[in-house]
Amino acid sequence: MKKQGIREFNHKLLNLVENIGLLVIGVATVFSMGNEVLNMIRAMQVTLSDLLLLFLYLEVLAMVGLYYHSGKLPVRLPLYIAMVALARYLILDVKTMDDWRMLAVTGSILILTLAVFLIRLGHVRFPYPGDDSSDPKQAERSGE
């Protein structure tokens, strides 16, 4: 009986810390996003790099929202964020990169792309019991 009470308390405490962490990440992301928009307004210029950075912020917010809503974090989302971050890095520094660094960054994007493909293929072919996100109709409704 006492063990159950301790477990329940630990679970609630962990849930609270998790929700506070999600809130901090969400607020920090919105703050950073607003700061970036203000910088674009001050400069009166929007570059591809700015747009990709805003896209990264949106992906982080989507990841926080999905985790808060479902309690699950698909491994694909951080991989998508990493791909966009590497693409942004490539776009920003393409003029100063040597050939090997450029090849390494593009190779990294390719590896991440293959990882997403394999994860998705494995999820569709071998779905988890009780997980209906591999169902195309369910994925359509959830925005995957």
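These numbers were taken from a predicted model, which means no experiment stands behind them.
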[X] side, atom [atom1]; [Y] side, atom [atom2] - distance, nearest 0.5 Å:
X    : Y    : atom1 : atom2 : result
Y68  : E18  : OH    : CD    : 10.0 Å
I91  : R88  : CD1   : CZ    : 9.0 Å
L77  : K72  : CG    : NZ    : 13.0 Å
R120 : R125 : CZ    : CZ    : 13.0 Å
Y89  : R101 : OH    : CZ    : 4.0 Å
L52  : T47  : CG    : OG1   : 8.5 Å

Return the minimal non-hydrogen interatomic distance between Q45 and D50, and the atom names on each side. O-OD2, 3.8 Å
For residues 108-116, which side-chain N or O atoms pair as donor and acceptor with protein atoms under 3.5 Å away, sequence neighbours left out?
{"unit_1": "S108", "atom_1": "OG", "unit_2": "A104", "atom_2": "O", "d": "2.8"}
{"unit_1": "T113", "atom_1": "OG1", "unit_2": "I109", "atom_2": "O", "d": "2.8"}

For residues [X] and [Y]: do they belong to one hydrophobic cluster (side chain heavy atoms under 4.5 Å, members Ile, Leu, Val, Met, Phe, Trp, Tyr)?
X    : Y    : answer
V37  : V27  : no
I81  : F117 : no
V17  : Y67  : no
L103 : M97  : no
L90  : L92  : no

Mark yes or no for whether D93, through its side chain, and T96, through its backbone, hold a donor-acceptor pair below 3.5 Å. no
For I20, the option from L23, L22, L16 that meets side chain to side chain contact (heavy atoms under 4.5 Å, CB included): L16
Residue pair L38 / R42, side-chain heavy-atom distance below 4.5 Å: yes
Expected list for residues 54-66: side-chain donor-acceptor pairs under 3.5 angstrom, two or more places apart:
none

Distance-only side-chain donor-acceptor flag, N10 / R7, under 3.5 Å: no
Should we say atom CG of D99 is surrounded by more than 12 heavy atoms from elsewhere, each under 6.0 Å from it? no
